[in-house]
Amino acid sequence: MICNLGRRLTIVAACGLLPSVATAAEGGAGFYLLGSKGPAAAITPPPGVFFSNDVYIYSGDLGGGRALPAGGRLAVGVEGSAVIDVPTVLWILPEEVMGGHLGLTATLPIGWKKTDADLTLAGPRGGSVSGSVSDPVFTVGDPVLGGLLGWEAGNFHWQTSLLVNVPIGDYQEGQISNIAFHHWGADVSVGATWLDPAIGLDLSAVVGMTFNAENPATDYRTGNEFHFEWAAVQHFNEQFDTGLIGYYYNQVTGDSGAGATSDFKGRVAAIGATIGWTFKAGELPISTRIKYFHEFAAENRAEGDAVFLTVSMPLSITKPTNVAAQ
């Protein structure tokens with residue numbers, strides 16, 4: 001079991017490495033998806049091409065009669081829900097870089113989002129008032145491109161990563177529901193995983209910061225966003241694992257730009273549980289995982305529940321080249 005468990009995790013750990021969409025300030029959302037990291041978050045798969053698909057399901061509300069900047073308007077009494085599909089491809093290069101392995105990622109979110117508001121105020125600083133609004137949308141978000149560099153030493157794995165939000169998705173100005181963000185953004189993070197195959201214990205943590213450019217449609221710039229994610233998982237055999245997961249988010253600098261009424265710093269924490277199951281379709285290993293998060297202690301952002309349904313698999317593994325001795 002020991003050898004097989006370690007090998008399986010390094011191959012299917014791609015699901016913990018892939019970027020996604022997410023949650024933060026303007027519109028109550030940012031492009032980094034809280035909870036997207038998890039078990040084996042810093043384990044870099046072997047050279048090859050991997051595919052992962054996340055279905056992200058979220059439901060929450062702002063509460064307290066507070067206003068949320070969205071689409072160049074202020075929305076009050078906001079409730080929202082979303083079902084977003086996030087397919088991602090990861091390519092781990094065969095060459096070593098700085099003693100580790102380099103990976104490149106690309107993802108494109110597509111899905112449904114619905115935002116309800118008790119009332120909206122036209123313009124970023126108020127103005128004409130409209131009644132209750134319900135804004136459902138099914139559309140394509142901004143693509144996210146990324147890179148990672150990972151190392152390992154015994155049971156310890158560590159990794160750095162960069163994600164870039166490319167603002168070419170379907171953004172509807174003046175609407176309070178959008179999946180695209182219509183601005184450039186970058187997220188940098190550092191992660192570590194300690195995995196002991198002998199006892200099946202996986203302890204993982206990722207810390208990162210998101211930097212946002214201004215949305216030219218609304219003249220709104222979301223502040224810098226700190227995020228921390230963790231997982232403590234027990235593997236019972238080669239196929240099954242379960243454990244606890246969580247995250248913490250804190251906007252460390254305020255929102256700015258002509259469209260910002262205040263610095264609108266957000267904060268939220270979440271705790272949850274996860275179950276993973278791996279099986280084979282012929283010779284193809286397929287990893288599946290369910291993650292559930294319950295949010296609490298929210299400030300200036302929605303508080304709710306999130307579910308991730310993840311399927312990941314290798315598309316091809318690059319076999320090492322053995323050079324025969326002359």
Side-chain angles (χ1 to χ4, degrees), residues 1-18 20 33 35-57 86-90 92 100-101 103 105 148 150-159 191-206 229-247 270-294 305-320:
M1 170 193 171
I2 296 175
C3 179
N4 289 337
L5 175 60
R7 183 182 303 112
R8 176 178 68 83
L9 285 177
T10 57
I11 292 177
V12 301
C15 66
L17 304 174
L18 302 178
S20 301
L33 182 57
S36 59
K37 302 291 187 180
I43 296 180
T44 303
V49 179
F50 301 82
F51 174 78
S52 178
N53 192 83
D54 286 291
V55 176
Y56 174 66
I57 305 169
V86 189
T88 307
V89 175
L90 166 67
I92 302 293
H101 280 101
T105 64
L148 60 89
W151 302 265
E152 62 180 75
N155 292 341
F156 186 63
H157 308 256
W158 65 102
Q159 187 183 102
T193 292
W194 183 79
L195 171 66
D196 187 345
I199 60 176
L201 182 62
D202 172 359
L203 301 176
S204 295
V206 177
E229 296 157 284
W230 60 269
V233 167
Q234 178 64 48
H235 294 264
F236 296 97
N237 50 46
E238 295 177 26
Q239 289 78 37
F240 179 74
D241 67 78
T242 186
L244 297 177
I245 50 178
Y247 58 75
I271 191 168
T274 183
I275 297 175
W277 180 51
T278 297
F279 62 94
K280 282 191 173 183
E283 293 300 315
L284 180 67
I286 299 177
S287 176
T288 63
R289 180 168 299 281
I290 298 175
K291 292 185 288 186
Y292 166 74
F293 294 93
H294 175 68
D305 298 278
V307 174
F308 289 79
L309 306 176
T310 303
V311 177
S312 62
M313 67 193 72
L315 299 181
S316 67
I317 303 293
T318 302
K319 296 182 179 180

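These numbers come from the heavy atoms of this one structure, side chains and all, not from hydrogens, waters or symmetry mates.
In this structure the side chain of P314 reaches within 4.5 angstrom of the side chain of L284, judged on heavy atoms. A 4.5 Å side-chain heavy-atom check between W230 and I271 finds at least one atom pair inside the cut-off. For the pair N155 and P197, the minimum side-chain heavy-atom distance is below 4.5 Å.
When the options T242, D202, L195 are evaluated for a side-chain contact (heavy atoms from CB on, under 4.5 Å) with P39, the one that passes is D202.
Side-chain atoms of K291 never come within 3.5 Å of backbone atoms of G38 as a donor-acceptor pair (strictly under, hydrogens ignored). One N or O on the side chain of Q234 and one on the backbone of I199 form a donor-acceptor pair closer than 3.5 Å. The main-chain N or O of L148 is never found under 3.5 Å from a side-chain atom of Q159 such that the two would form a donor-acceptor pair. In this structure, N237 contributes its side chain and Q239 its backbone to a donor-acceptor pair below 3.5 Å.
Here the straight-line distance linking atom CH2 of W194 with atom CG of L201 works out to 5.5 Å at 0.5 Å rounding. To the nearest 0.5 Å, the span separating CG on D241 from CZ on F236 amounts to 8.5 Å. The line from OH of Y56 to OG1 of T310 is 12.0 Å long, rounded to the nearest 0.5 Å. Separation of atoms CD1 (I43) and CH2 (W158) is listed at 12.5 Å; rounding is to 0.5 Å. Between atom CG of residue D54 and atom CZ of residue R289 there is a gap of 11.0 Å, rounded to the nearest 0.5 Å. The NE2 atom of H101 lies 8.5 Å from the CD1 atom of I92; values are rounded to the nearest 0.5 Å.
Of all non-hydrogen atoms in P45 and F50, the two that sit nearest each other are CB-CZ, 3.4 Å. Across I245 and A231, no two heavy atoms sit closer than the pair CG2-CB, 3.7 Å. Between V89 and F51 the shortest heavy-atom distance is CG2-CD1, 4.2 Å. When all heavy atoms are compared, the tightest approach of T288 to F279 is CG2-CE2, 3.8 Å. When all heavy atoms of A232 and L203 are compared, the pair lying nearest together is CB-CD2, 3.8 Å. What you find for F308 and S36 is that their closest heavy atoms are CZ-N, 3.8 Å.
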Evaluation steps, side-chain hydrogen bond (donor to acceptor under 3.5 Å, both in side chains), between S204 and T193:
CA-CA 4 Å; S204 295; T193 292; 2.8 Å; yes
Could you go step by step and tell me if F240 and I275 meet the side-chain contact (heavy atoms from CB on, under 4.5 Å) rule?
CA-CA 8 Å; F240 179 74; I275 297 175; 3.5 Å; yes
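More than 12 heavy atoms of other residues, nucleotides or ligands sit less than 6.0 Å from atom CD1 of I57.
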